Amino acid sequence: MSDLRVRFAPSPTGYLHVGGARTALFNWLYARHFGGTFILRIEDTDTERSTQQSVDAILQGMEWLGLDWDEGPFYQTDNFPLYKQHVQKLLDDGKAYRCWCSQEELEAKREAAMAEGRKPKYDGTCRHRQDQPLDQPFVIRFKAPEEGETEFSDLIKGRIAFPNAELDDLIISRTDGTPTYNFCVVIDDALMRISHVIRGDDHVNNTPRQIQLYQALGYPVPIFAHVPMILGSDKARLSKRHGATSVIAYRDMGYLPEALNNYLVRLGWSHGDDEIFSRQEMIEKFDINSVGRAPSVFNPEKLNWLNAHYIKQADPARLAELLKPHLATHGVSDTSAADLAGVVATLQERAQTLEEMAERALFYYQAPQAYDEAALAKFDKPHLAAVFTVVAAKLTAAQPADAAAVDALFKELCAEHSWKMPQVGQPVRVALSGSTQAPGIGEIVMALGLAETIARLERAKERVA
RNA sequence: GUCCCCAUCGUCUAGCCCGGCCCAGGACACCGCCCUUUCACGGCGGCGACGCCGGUUCAAAUCCGGCUGGGGACGCCA
């Protein structure tokens, strides 16, 4: 195993969304590609908003996508003593100071600065304060360098530099003594010996502050790679109003994990003109240098296409298991009437999601209550009755063993009665499924079984009589 | 407002680093045709982009500058 160590560090304040999932995937792929270590760390220092429920949801999402971690999950709340030691160290070294400015004061100063067109940064009031009223509430700020610039070479974006004058003295410890995000990440990444920090674009601005912290603490600075954001169709940051953003929601809508992974890996990353990647191919081909610098728009249509592709490829037995909950929501909990894997096989080329497949599979388990009257109206009643009678008789006599045999029977019977295929195909299809949109008749007959097929033909015959 | 980042078909993208092979390739979506017992699958074809303006060069999607547009950050959130 190499020294390469990466991490995915979500905050448990909600579900695992597709943006986070992609970040996790890129980290995972990078680690697997180089034989490194993938670490999962829960950033729960915001004790107000963090919930166990969110932790569970995130873990569930990761597991569903198959993003297994080598170490963790670690919780930052378990490291509070560690952070305190480091805060103290900075205080002792004169690299941090206590600040008694109230939130209201700061808020007012920010607004004033914005109004005047200045950057709303902390003005350093307490930086040189002499009295230390320790009985009054205070926060601890990092004493950031005021001149020069902080730069780094981003694996995706190249060189990025910030004038230090743009950065202010950030709070590293709150009034209640808990450490803040920017401080914790640095301590954790340093102590966990994270070599590459692959994270969302929205952290670019935090990077120079974190670099200054690494330097102040005497820790080596990791290599950064900032992945551009995922946007919604209106080019605004992807959010709920663009549709589902939760990974688990996609599972529940009937998407396969391999489809979501494949979609996500191609969002912002490419390998020539390749579109389909197996898990193994992703690992082999993934390369951080090929990640684009521009943000990308989430396109559900393409996800549908990939999902349809993987549904076609999937093992019917596996799909059958995954389909059950979807059938259940449509009132079908007993699937013993027709072989479910067989049913699935007839629908694999016709469904983009498992939910859609379930809807299309319903007729196998619920004999049609109504028929497509418009389709039936194209034929006169004697013809329909004749077709149903002849087909039922033929099926009974021949006992076909597979779909091809059934189809052969139909050709035979057309010849015998000088009917055109559509004249018998459509009525039978409607009799069996209720609709004209259905799998091939041979496939339906085999999945339904001869007895049920004939029963449905009889029922249809009574209806048209 | 300030700072940071970004800019090829509607969307995801190849090409850009190492200018000419690009009057720009692939994929999704859309349209048409074919296949066909329906619906699909599949096959074939079509529509469709280098944001704008300058510069460098024999030659620019590719290099440089400006503009415009978009995104992000500016929290005792992460």
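Chain letters run A, B, ... following the sequence lines, proteins first and then strands; every chain starts at 1. Just so it is clear, the model here is predicted, and its values are computed rather than measured.
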Give one of base, sugar-phosphate or nothing for [X], where a contact means two heavy atoms less than 4.0 Å apart.
{"X": "His203(A)", "value": "base"}
{"X": "Arg110(A)", "value": "sugar-phosphate"}
{"X": "Asp168(A)", "value": "nothing"}
{"X": "Thr45(A)", "value": "sugar-phosphate"}
{"X": "Ile441(A)", "value": "base"}

Is a donor-acceptor contact shorter than 3.5 angstrom present between the side chain of Asp273(A) and the base of G25(B)?
yes

Quiz question: going by heavy-atom distance under 3.5 Å, is there a donor-acceptor pair between the base of A78(B) and the side chain of Asp202(A)?
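Absent.
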
For [N] and [M], measure between their [atom1] atoms and round to the nearest Å.
{"N": "G32(B)", "M": "U13(B)", "atom1": "C1'", "answer": "26 Å"}
{"N": "A14(B)", "M": "C34(B)", "atom1": "P", "answer": "36 Å"}
{"N": "C22(B)", "M": "A60(B)", "atom1": "P", "answer": "16 Å"}
{"N": "G55(B)", "M": "C12(B)", "atom1": "P", "answer": "32 Å"}
{"N": "C33(B)", "M": "U68(B)", "atom1": "C1'", "answer": "43 Å"}
{"N": "U36(B)", "M": "G42(B)", "atom1": "C1'", "answer": "11 Å"}
{"N": "G72(B)", "M": "A61(B)", "atom1": "P", "answer": "31 Å"}
{"N": "C31(B)", "M": "G48(B)", "atom1": "C1'", "answer": "12 Å"}

Over 60° means perpendicular and under 30° means parallel, so classify the ring planes of [Y] and [X], tilted if in between.
{"X": "Phe298(A)", "Y": "Tyr263(A)", "answer": "perpendicular"}
{"X": "Phe138(A)", "Y": "Trp100(A)", "answer": "tilted"}
{"X": "Phe26(A)", "Y": "Phe286(A)", "answer": "tilted"}

List in numerical order all residues of residues 346-365 of chain A for which some heavy atom is under 4.0 Å away from an atom belonging to RNA chain B.
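Residues of residues 346-365 of chain A that come under 4.0 Å of RNA chain B are, in numerical order, Glu349(A), Arg350(A).
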
Residues in contact with RNA chain B, drawn from residues 229-240 of chain A - heavy-atom cutoff 4.0 Å:
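Per residue number, the list reads Lys235(A), Arg237(A).
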
Just checking, Arg141(A) and Tyr122(A): is the charged tip under 6.0 Å from the six-membered ring centre and within 45° of the axis?
yes

Distances under 3.5 Å only, N/O to N/O: pair up the protein atoms with those of nucleotides 63-65 of chain B.
none

Within less than 4.0 Å of OP1 or OP2 of C76(B), is there a side-chain N or O belonging to Thr175(A)?
no

Please name the nucleotide paired to [N] by Watson-Crick or G-U wobble geometry with both distances under 3.5 Å, or report none.
{"N": "C44(B)", "value": "G32(B)"}
{"N": "A7(B)", "value": "U68(B)"}
{"N": "C39(B)", "value": "none"}
{"N": "C16(B)", "value": "none"}
{"N": "A61(B)", "value": "none"}
{"N": "C23(B)", "value": "none"}
{"N": "C74(B)", "value": "G1(B)"}

So, Gln426(A) and Arg429(A): side-chain donor and acceptor under 3.5 Å apart, yes or no?
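Yes, side-chain donor-acceptor contact under 3.5 Å.
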
Less than 3.5 Å apart, any donor N or O on the side chain of His203(A) or Asn206(A) sitting next to an acceptor on the other?
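Distance-only check passes for His203(A) and Asn206(A).
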
Using salt bridge (Lys or Arg N to Asp or Glu O under 4.0 Å), reason through Asp202(A) and Arg237(A) one step at a time and then give a plain yes or no.
CA-CA 11 Å; Asp202(A) 48 340; Arg237(A) 189 176 183 155; 3.1 Å; yes

Partner set under side-chain contact (heavy atoms from CB on, under 4.5 Å) for Met62(A), not counting sequence neighbours
Phe8(A), Leu16(A), Ala24(A), Phe38(A), Leu40(A), Ile58(A), Leu67(A), Trp69(A)

Can you list everything that forms a side-chain contact (heavy atoms from CB on, under 4.5 Å) with Ala386(A)? Sequence neighbours excluded, please.
Trp419(A)

Counterpart residues, salt bridge (charged side-chain N to carboxylate O under 4.0 Å, His left out), relative to Glu151(A) (two or more places apart):
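So Glu151(A) forms a salt bridge (charged side-chain N to carboxylate O under 4.0 Å, His left out) with Arg159(A).
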
With rounding to the nearest 0.5 angstrom, report the OG1 to CD1 distance, Thr175(A) to Ile140(A).
10.0 Å

